[in-house]
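Some notes on the structure that comes next.
Index from 1, following the sequence.
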Amino acid sequence: MYKEGDEVQDDCGSREEWTLLFWTSLAVIVPVIITLWCSAQRSKRKTHMKDFFRKSKHGWHYTDLFNKPTYCCVCSQHILQGAFCDCCGVCADEQCLRRADRSLTCKEIMAPSSPGGAMEHRWVRGNVPLASYCAVCKQQCGTQPKLCDFRCVWCQATVHDDCMDSLPDADQCDLGEFHSLIIPPHYLYRVNKLRRRHPDEYSKLASSCGSGWTPVLVLANTRSGNNMGEVLLGEFRTLLNPVQVFDLSELTPSKALQLCTLLPPGSVRVLVCGGDGTVGWVLDAIDTMKLKGQDQFMPRVTILPLGTGNDLSNTLGWGAGYAGEIPVEQVLRNVLDAEVVKMDRWKVQVASKGLYFRKPKVLSMNNYFSVGPDALMALSFHTHREKTPSFFSSRIINKAVYFLYGTKDCLVQECKDLDKKIELELDGERVALPSLEGIIVCNIGYWGGGCRLWEGMGDEPCPPTRLDDGLLEVVGVFGSFHCAQIQVKLANPVRLGQAHTVRLVLKSSKMPMQVDGEPWAQGPCTITITHKTQALMLYHSSEQTDDDDDESSEEVNVSEKDGCLFALIPCAIDI
């Protein structure tokens, strides 16, 4: 029989269950609500911060953790989380950020000089670089755990707080070690005041910048290779005038290079931070300058290799890849010491078979054209990178993926019987082809991420290769495995010859092709490769070449057989 005590017990049990369910639900829902609220606040804060940074005259960058002891330039307190300006070096915590933006001025890209004609120091207090020394007493600066000492944002000189009064009144800023690479703000101010924009006027103004003034423009591709572009941009803005540093993800090379037309003709050097594709993009923009009649303003181009292959960089002595192993200061010193060389550029015309009324596709080539297994690997890599670009952010991962695609092709052999599908002509003469899977037409000495293809293992005599001889080197490969053997110096390619003009006729099927790492799948067509123009490049070597005898000549012809140094240079970018 049901008793009243049992009913009370059931009510208590039910109440306990509901209580447990309530608190369990609360324990789950409350953290979710808090997380969503924090996420919304963080997103809202980031939007406000981004809008604030966009309107500011400083180059602010927010960081959750500074990599060295840092002090707020407004309240002088130690900060872990806040923002810094990569142009002038001012640091501030989040509470002091707006006050710092109002009260502390940044580097001025354009400003008049002092009444005496000299440039005054522009001091910023605190957070001086490590291992910096006072310009007055020569003792180390920044050793105290507080906001102390001063740094000039232009010449990078540092001075103790106590030594500032001892600094001579007549001590003017000379822009420091890299004065010959920096565009002074007073130069742009005077150019802006000119009534007649003429190259002769620019040359007259350049006399105020000292003898041997060769300003450098930094053009960086932040999407290349190992994503070092952002860091390098900031480091270059610190050392140079921010107007000299361009981010190619925000501004095209054609627009960036218009600054060359405001500088003395023949004086500008361009540092391209990126892979071979980025270099080709910049060289195409320089060709556009020629079409506009701006030949006299053409810059000399040098490379900081951030891509995966970097064969052109290797050929010119700048190394196979930059990973921060040398400071940007040394990169700029290397740019100062580099020699000017000429490099052939080629026109690749692709006329598809049967499409007579369609205009042929025309591409520019600096490194090489290929059809066969290496183009297939590049095409597979390119296709997958387009789908998941975040996965291909590391140079090591990229090369590992290339290896996997090469291994796959060794088993599948998608490009076999190429010799039956294609005809090759060198300077109008038909070349009999052995049983090949690929043909590679080279303009430079390096191919495939560091392999000297034409020379092979060096056990067979071969004609020398040069950057400026107007000749292309044509070789064949038997497959992906043969390519791998060539790269580790276990085999030689099939040397098919050298020529001024190369013509290939793809008679049937569809084959993978590439020009300087830009791949595509191509049906039956005729490919004609002819000389286009020459570009002025910068070659780096610690040893003089045989062509250096004529010191009066600025342009030096360098044989690609001369030793290439693994000496690199950096880059940066953005106005």
Side-chain angles (χ1 to χ4, degrees), residues 87-88 107-123 135 151-159 167-194 196-218 235-246 257 259-271 296-302 327-340 536 538 540 551-556 569-570 572 575:
C87 297
C88 65
K107 267 186 178 179
E108 293 181 299
I109 63 174
M110 183 172 63
S113 57
S114 61
M119 183 173 170
E120 296 182 351
H121 288 289
R122 164 73 176 83
W123 299 107
R151 177 183 64 90
C152 175
V153 299
W154 289 106
C155 67
Q156 310 305 319
T158 53
V159 179
L167 199 67
D169 295 336
D171 187 26
Q172 302 293 335
C173 181
D174 60 359
L175 298 179
E177 179 184 359
F178 304 113
H179 63 276
S180 60
L181 298 178
I182 298 174
I183 302 178
H186 61 76
Y187 175 87
L188 294 177
Y189 180 83
R190 292 175 183 175
V191 167
N192 194 45
K193 294 294 183 181
L194 284 177
R196 187 173 71 107
R197 295 290 181 87
H198 192 272
D200 292 340
E201 298 295 328
Y202 303 147
S203 298
K204 292 177 183 177
L205 291 180
S207 60
S208 65
C209 300
S211 60
W213 184 50
T214 55
V216 62
L217 305 184
V218 179
E235 292 181 341
F236 278 108
R237 291 191 192 106
T238 299
L239 296 174
L240 306 173
N241 190 329
V243 78
Q244 300 173 242
V245 186
F246 300 89
L257 291 175
L259 182 56
C260 296
T261 62
L262 299 179
L263 298 166
S267 66
V268 183
R269 300 187 173 202
V270 171
L271 174 60
Q296 57 185 330
F297 296 107
M298 284 174 48
R300 283 68 172 144
V301 179
T302 186
V328 292
E329 291 85 356
Q330 185 59 47
V331 170
L332 294 178
R333 294 184 191 107
N334 291 344
V335 173
L336 280 170
D337 296 337
E339 306 166 18
V340 180
L536 297 176
L538 291 177
H540 182 267
E551 296 181 357
S552 62
S553 174
E554 179 190 10
E555 295 166 355
V556 183
I569 51 187
I575 286 187

Might you point out which heavy atoms bring [X] and [Y] nearest each other, and give the distance in Å?
| X | Y | value |
| --- | --- | --- |
| His179 | Gly176 | ND1-O, 3.0 Å |
| Cys209 | Trp213 | CB-CD2, 3.6 Å |
| Leu240 | Val218 | CD1-CG2, 3.9 Å |
| Leu262 | Tyr187 | O-OH, 2.8 Å |
| Pro199 | Phe297 | CG-CZ, 3.7 Å |
| Leu194 | Arg197 | O-NE, 4.1 Å |

Report yes if the side chains of [X] and [Y] come closer than 4.5 Å at any heavy-atom pair, otherwise no.
| X | Y | value |
| --- | --- | --- |
| Arg190 | Ser113 | yes |
| His121 | Gln172 | no |
| Arg269 | Thr302 | no |

Side chain to side chain contact (heavy atoms under 4.5 Å, CB included) evaluation trace for Leu217 with Ile183: CA-CA 9 Å; Leu217 305 184; Ile183 302 178; 4.2 Å; yes
Just how far is it from atom [atom1] of [X] to atom [atom2] of [Y], taken to the nearest 0.5 Å?
| X | Y | atom1 | atom2 | value |
| --- | --- | --- | --- | --- |
| Gln244 | Arg237 | CD | CZ | 12.0 Å |
| Tyr189 | Glu108 | OH | CD | 11.0 Å |
| Thr214 | Leu263 | OG1 | CG | 11.0 Å |
| Ser267 | Arg300 | OG | CZ | 8.5 Å |
| Leu332 | Leu271 | CG | CG | 7.5 Å |
| Asp337 | Leu538 | CG | CG | 11.0 Å |

Check whether [X] reaches the backbone of [Y] with its side chain - one donor and one acceptor, N or O, closer than 3.5 Å.
| X | Y | result |
| --- | --- | --- |
| Trp154 | Asn241 | no |
| Gln156 | Thr238 | yes |
| Lys107 | Pro242 | no |

Take Asp174 and Cys155, measure what side chain to side chain contact (heavy atoms under 4.5 Å, CB included) needs, and give me the verdict at the end. CA-CA 7 Å; Asp174 60 359; Cys155 67; 4.0 Å; yes
Derivation of the side chain to side chain contact (heavy atoms under 4.5 Å, CB included) call for Phe178 and Val216: CA-CA 10 Å; Phe178 304 113; Val216 62; over 6 Å; no
